[in-house]
Amino acid sequence: MQHYNMNLTLKVWRQRNNKVKGHFETFQVKNISSEMSFLEMFDVLNEQLVAEGKDPIAFDHDCREGICGMCSMHINGRSHGPWDQTTTCQLHMREYKDGDTIVVEPWRANAFPVIRDLVVDRSSFDRIIAAGGYVSVNTGNAVDANALPIEKQKADESFAAASCIGCGACVAACPNASAMLFVSAKIAHLALLPQGDPERKVRAVNMVQQMDTEGFGSCTNIGACEAECPKGISLENIARLNREYVGAVFSGSPRG
Amino acid sequence: MALNSKIPAGPIDAKWKTYKSTCKLVNPANKRQLEIIVVGTGLAGASAAASLGEMGYKVKAFCFQDSPRRAHSIAAQGGINAAKNYQNDGDSTYRLFYDTIKGGDYRAREGNVHRLAEVSASIIDQCVAQGVPFAREYGGLLSNRSFGGTQVQRTFYAAGQTGQQLLIGAYQALERQVALGTVEMYSRHEMLEVVKIDGKARGIIARNLVTGELERHFGHAVLLCTGGYGNVFYLSTNAMGSNVTAAWKAHRQGAFFGNPCFTQIHPTCIPVSGDHQSKLTLMSESLRNDGRIWVPKKQGDNRKPTDIAEEERDYYLERRYPAFGNLVPRDVASRAAKERCDAGYGVGSSKMAVYLDFAAAIERYGKIEANKQGKGNLDKASIIALGKDVVKEKYGNLFDMYAKITGENPYEVPMRIYPAVHYTMGGLWVDYELMTTVPNLYALGEANFSDHGANRLGASALMQGLADGYFVIPYTLGNNLADDIRTKAIPTDHPAFVAAEKEVSDRINRMMNIKGKESVESFHKRLGKIMWDKCGMGRNAKGLEEAIREIQALRKEFWSNVRIPGEVKEFNPELDKAGRVADFIELGELMCKDALHREESCGGHFREESQTEDGEALRDDEKFMYVAAWEFKGESQFELHKETLDYEVVHPSARSYK
Ligand SMILES: Cc1cc2nc3c(=O)[nH]c(=O)nc-3n(C[C@H](O)[C@H](O)[C@H](O)COP(=O)(O)OP(=O)(O)OC[C@H]3O[C@@H](n4cnc5c(N)ncnc54)[C@H](O)[C@@H]3O)c2cc1C
Ligand code: SF4
Ligand code: FES
């Protein structure tokens with residue numbers, strides 16, 4: 001792999017807190033190595049800003065391995081940038097060439113208010129899970145793990161849905177800021193397993209209700225979410241959620 | 001102060017059973033009056049908070065990320081051990097216990113480790129009941145793989161995302177309790193002090209990281225589930241935010257620190273690519289099941305790996321350790337890689353890497369697959385294609401991650417790997433009940449020192465975190481709090497809270513007002529370099545003494561020249577990080593002191609002065625068969641206490657994997 005250095009222009013969203021208006025600010029960064037990750041490029045920029053006595057750009061990140069779901073950046077119009085099925089932290093600078101301009105914004109959605117710069121509040125996702133995204137089993141209640149064999153194919157499908165990292169890219173990508181892909185991934189993960197079966201109706205009803213309460217938009221089958229999801233969560237999950245939800249509502253499942 | 005580990009009397013396999021059936025209980029009405037603070041929502045914290053909430057305690061849980069689901073546990077890849085013996089390959093509670101004691105190089109407590117092995121099976125049951133989608137066989141039953149340091153298949157996994165799936169299980173259980181009102185969740189909060197009243201931990205001071213405000217929270221007991229401190233080395237496989245602050249504040253308040261120098265360097269990580277490097281990425285140990293590790297036989301061989309013929313390769317682990325081969329424990333594998341690279345056999349542009357090669361596995365799996373499909377006489381290219389599919393199913397996400405980071409395709413060329421800091425066996429000293437030396441202050445998960453001795457076996461950290469949270473603390477906490485049911489909630493205008501908050505606030509202001517020239521990041525890097533060079537994979541007295549002086553000097557510099565932009569009362573990640581780095585600097589000094597005093601090699605701690613002729617670690621059981629528990633006595637002053645380890649069941653022997 002040939003390595004090279006580049007100079008870039010960055011246009012980054014700055015917003016001190018959620019009470020003030022934000023704006024774009026332009027920065028020049030020099031000698032960025034193609035081997036760096038996108039966030040390491042931001043580290044370089046932030047070190048530069050600290051040295052100049054300015055405020056560094058706030059952005060969320062933790063694992064830098066594509067699994068914690070923190071690194072929410074909307075890059076040149078795409079959630080998590082140009083690479084398919086890749087989080088911002090796993091995007092590497094070899095994607096760019098000398099002289100490129102990169103525009104970076106936070107996730108934009110009413111249900112994800114900006115905290116500072118590129119950092120947003122995604123606690124609405126936690127509240128959706130709290131509304132029903134679990135199996136009601138207390139510690140110590142379980143039977144032997146192999147007592148209930150599960151068809152490998154179903155287990156694999158459930159795992160695929162469970163691999164959602166709760167990043168919110170699907171919401172940021174959606175013109176309606178809908179959270180359907182996220183919600184449907186959880187519904188599918190649990191509905192595909194016998195352990196999740198007893199509560200599947202009330203779960204679907206309550207999670208959807210919470211999603212509406214949080215102010216996410218409705219799903220009009222655009223499919224931008226699937227295209228931007230770093231974990232390849234499939235639109236089929238949304239179809240499943242719709243079936244689960246309709247089934248639950250028509251069978252008169254109690255809201256709880 | 002004499003250390004009392006409170007290991008119950010009786011035969012090893014009866015201790016925990018006896019404890020459980022005789023410990024004191026708290027009745028449900030009283031539980032509702034008892035408030036518990038759980039700091040951390042990784043596997044240990046989320047499982048503890050959820051379980052205690054279910055039991056009826058009033059729980060407050062804290063984490064510094066934006067959601068409890070993002071704790072560093074999410075990143076664990078390879079798997080979780082349990083003595084289920086589903087594979088009928090001779091596994092048992094005893095064998096898991098034995099492997100862990102031996103793997104830890106006889107520096108862990110027998111009583112704790114046996115309990116861990118006993119409860120391991122229940123963890124898998126619990127997780128499956130929660131809907132954790134572990135890997136399964138075609139017959140629908142759970143699948144297992146093997147991990148380093150063992151000869152049985154006892155590791156349960158969910159592709160390369162086991163930690164994620166386990167944490168999501170625990171997180172969902174936690175959110176269920178949040179919805180039920182038994183747990184109050186405080187995300188984006190950082191605990192910055194333990195509040196003690198009459199010698200007992202009775203609360204914390206936390207900083208709301210969004211507003212920067214300090215908050216006081218009361219608890220009858222405080223549980224620290226705050227993870228490990230590998231980031232003291234700057235570069236590690238830990239998440240960027242992982243830090244020692246909570247444990248260090250507890251230490252300064254009287255909690256002894258156990259075996260601080262016991263660090264695990266993981267053998268298979270993607271090598272450093274340049275100065276810009278911010279963290280290192282693990283390639284799961286499970287890869288060593290199928291990958292073969294080698295370097296060229298010739299020094300400084302610059303040919304492409306695919307051009308180096310079989311007989312010109314040195315599969316040094318298979319050569320040196322025929323019984324375990326590529327599956328030797330981590331400490332052994334890491335040192336062997338360092339030895340080859342230091343001797344000039346390393347590969348890649350930095351020459352600080354070795355190959356992890358899947359070509360043989362791809363061919364082997366391809367043949368098996370061809371036979372399964374009844375195509376015995378396929379050509380080689382088709383066999384390889386089939387084999388790649390199998391490898392993809394097993395390790396696809398790891399291979400993708402490698403490709404994204406390095407830009408190379410590991411299905412075609414061998415991975416380049418090098419050891420990196422990964423885990424800390426050391427941590428807050430706790431007794432059998434997981435209580436620190438500060439009454440009512442507990443430590444769970446990686447934050448405590450307890451179960452892995454001087455070296456942790458793969459897939460055992462997840463097991464320990466969940467064991468502590470789901471199955472140990474629910475009993476041991478009640479045993480203690482049963483005596484506390486008359487203690488009313490203490491109002492947070494109590495002088496102890498006021499004083500603790502002032503202490504925290506003063507420190508923050510002092511740091512902010514330095515207004516020096518050097519960034520927090522720069523101090524962290526400098527600390528990391530000292531630690532890696534002098535307290536890393538190989539340690540010696542001269543280097544450690546130097547490191548101690550250098551760290552003391554670095555500390556002075558930090559407190560006179562650090563530059564923290566922004567304000568206190570706002571979202572300010574640089575300030576958050578500054579506090580963490582300041583604590584890392586103090587910890588680094590203690591780690592070096594601990595490493596210096598332990599004049600033996602054991603597990604991950606390799607003192608160059610203490611090795612056999614063929615370069616293997618040389619333990620000194622006569623002098624060092626104890627846990628080093630350090631007491632904070634003031635800046636740069638630590639007093640050593642020893643907890644002698646008694647081996648009643650397993651007889652310590654030279655740990656050999658040959
Ligand atoms: C890349 C990687 C892969 C791994 N793979 C495996 C594996 O396959 N198998 C295995 O067994 N082990 C593995 N490990 C080890 C294992 O993941 C960890 O040891 C384990 O997850 C630690 O869990 P924990 O609950 O103790 O802490 P963490 O998961 O680290 O959680 C710490 C929690 O504490 C909070 N916290 C910390 N400080 C504060 C504070 N001051 N105030 C408020 N909150 C605070 C954090 O927000 C977080 O919620 C791996 C580790 C790494 C780095
Ligand atoms: S569905 Fe995909 S994009 Fe949406 S939160 Fe989950 S992982 Fe992120
Ligand atoms: S930082 Fe964790 S997914 Fe990007």
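Model, not experiment: these values are computed from the prediction.
- Residues meeting the side-chain contact (heavy atoms from CB on, under 4.5 Å) test with B:A71, sequence neighbours left out: B:T41, B:L167.
- With a threshold of 4.5 angstrom between heavy atoms, A:R64 approaches chain B through its backbone and through its side chain.
- Taking CD1 from A:I165 and CZ from B:R70, the interatomic distance works out to 7.5 Å, rounded to the nearest 0.5 Å.
- Under the side chain to side chain donor-acceptor pair (under 3.5 Å) criterion, A:H92 pairs with no residue at all, not counting sequence neighbours.
- Under a 4.0 Å N-O distance rule, the pair B:E393/A:K152 qualifies as a salt bridge.
- With rounding to the nearest 0.5 Å, the separation of CZ in A:F159 from CD in B:Q161 is 4.0 Å.
- Taking 4.5 Å as the heavy-atom cut-off, the residues of residues 38-47 of chain A that approach chain B are A:E40, A:D43, A:E47, ordered by number.
- Atoms CG and CZ, from A:D121 and B:R188 in turn, are 7.0 Å apart once rounded to the nearest 0.5 Å.
- Contact annotation for A:T86: both backbone and side-chain heavy atoms come within less than 4.5 Å of a heavy atom of chain B.
- We find the OG1-CD1 distance between A:T139 and B:I473 to be 13.0 Å, quoted to the nearest 0.5 Å.
- Residue pairs meeting the side-chain hydrogen bond (donor to acceptor under 3.5 Å, both in side chains) criterion with at least one member in residues 157-170 of chain A, sequence neighbours excluded: A:Q153-A:E157.
- In this structure, A:E65 pairs ionically with B:K279, as a charged nitrogen and a carboxylate oxygen lie closer than 4.0 Å.
- Within the model, atoms CD1 of A:I67 and CD1 of B:I74 stand 6.0 Å from one another, a figure rounded to the nearest 0.5 Å.
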